[in-house]
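Heads up: the structure comes next, in structure tokens.
Values in this document were obtained by computation on a predicted structure and should not be read as measured data. Atoms within each ligand, like the ligands themselves, are counted from 1 in listed order.
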Amino acid sequence: MTRILQVAGPDDPAIREAASLLCAGGLVAFPTETVYGLGADGLDPEAVARIYAAKGRPATNPVILHVDGLASARALTSRWPVEATALAERFWPGPLTLVLPASEQVPAIVRAGGPTVALRCPAHPVAQALIKAVGRPLAAPSANRSQHLSPTLAEHVASSLGEAVDLILDGGPTEAGLESTILDLSGARPRILRPGPVAPAELAALLGAVDLWKGAVKLGETQAAPGMAERHYAPRARLELVVPGSGLPANSARTAYVAFGQLPPLPDSIRGILLPLDAEAVGTRLFALLHELDDAGFECVVMERPPEDEAWMAVRDRLRRASAKESV
Ligand code: AMP
Ligand code: MG
């Protein structure tokens, strides 16, 4: 059985135990304010290799390093533009990841062989205490098998990764529920690689213009921006996105219908689920809901397309990827 320890706060003795495991090259899953991370010593290539093995993550997909603040982040880069300071001061600790040219200290496996490193200072008190206790950056991608749903509860980690993880710190449900916004500052213009809880408008307010990377690559191809595989975050159930009011699915066996704001009339055979017309609340709840529907044995989840405005960008991104067809 995977060991799960409840953590009440940053002073909990479980954090010391987790830190010793990490210092010895082990894997510890821990809560952040976005989703649960699968942590390893980010400067130890063998420990980071265990993350890739546990997740079944392609070697082409780099991992984010989690740090305790701006100074530690800066030490891991070879160039730190002024915008990085402004962004870190405004959004850290918090759900914003910055991609910057890496210093030689960053192992190749963390960068997937590329020239850049992704850095974030998480806001969750348990994550912060753990990084401080280890005294080194923690590599920590989401604590799930590659391409599967991200974990927002300790139980999700246990069922996805099982014995592959040495210890899970259980800090309850995560707050944001969606992975961090990733902003690439290594090129000529700032570019969002992954939409997330920090909205483009918030970044643009500070940076002036910000580009949005809209492309996606098929798995197996060399990734233009690493980790941007089209199918990602997927539940076991087939997920179909439909235009609201466009009619009901023909095959209703083991089907759930998810609507925003208002549920249409449904036959008894279809389970209706109503989510609020509130992008932040839906972001917090989305992965947990898909986990629950998987656990309840639903084969098909029909979900109405969320609104087109910017507030829903991160939710739309995850749903698009979760509903993408498996590539061959
Ligand atoms: P996750 O596994 O959910 O934590 O995802 C981490 C994300 O960060 C993936 O989409 C990675 O591709 C992305 N990432 C990590 N390092 C880099 C980097 N150096 N450049 C661009 N994206 C990165
Ligand atoms: Mg992930």
Would you mind listing which atoms of ligand 1 come within a distance below 4.0 Å of any non-hydrogen atom of [X]?
X	result
Thr116	18 (C), 19 (N), 20 (N)
Ile182	7 (C), 8 (O), 13 (C)
Val99	20 (N), 21 (C)
Ala118	15 (C), 16 (N), 17 (C), 19 (N)
Asn61	9 (C), 11 (C), 12 (O)
Ser142	1 (P), 2 (O), 3 (O), 4 (O)
Arg194	1 (P), 3 (O), 5 (O), 6 (C), 7 (C)
Arg57	2 (O), 5 (O), 6 (C), 9 (C), 11 (C)

Return the [atom1] to [atom2] distance between [X] and [Y], rounded to the nearest 0.5 Å.
X	Y	atom1	atom2	value
Met313	Leu178	CE	CG	13.0 Å
Leu241	Met303	CG	CE	7.5 Å
Arg316	Glu310	CZ	CD	8.5 Å
Leu290	Thr152	CG	OG1	10.0 Å

Residue pair Thr255 / Glu299, side-chain donor-acceptor N/O under 3.5 Å
no

Could you verify whether a donor N or O on one side chain and an acceptor N or O on the other, from Thr97 and Ser180, lie under 3.5 Å apart?
yes

Using a strict threshold of under 4.0 Å (side-chain N to carboxylate O), is an ion pair present between Asp68 and Lys132?
no

Residues in side chain to side chain donor-acceptor pair (under 3.5 Å) with Ser323, at least two apart?
none

Are side-chain heavy atoms of Leu319 and Pro306 found at a separation under 4.5 Å?
yes

So for Arg111, does at least one of its heavy atoms come nearer than 4.0 angstrom to any atom of ligand 1?
no

Is it true that the NZ or CZ of Arg318 lies under 6.0 Å from the centre of Tyr233's six-membered ring and within 45 degrees of the ring axis?
yes

Geometry only, no angles: is Lys55 polar-contacting ligand 1 at N/O separations under 3.5 Å?
no

Can you tell which part of Val35 has a heavy atom less than 4.0 Å from ligand 1: side chain, backbone, both or neither?
neither

Metal environment of the Mg ion (ligand 2), protein N/O/S under 2.8 Å
Ser142 OG

Glu280/Arg285 under salt bridge (Lys or Arg N to Asp or Glu O under 4.0 Å): CA gap, chis, key distance, verdict
CA-CA 9 Å; Glu280 210 173 305; Arg285 174 101 185 84; over 6 Å; no

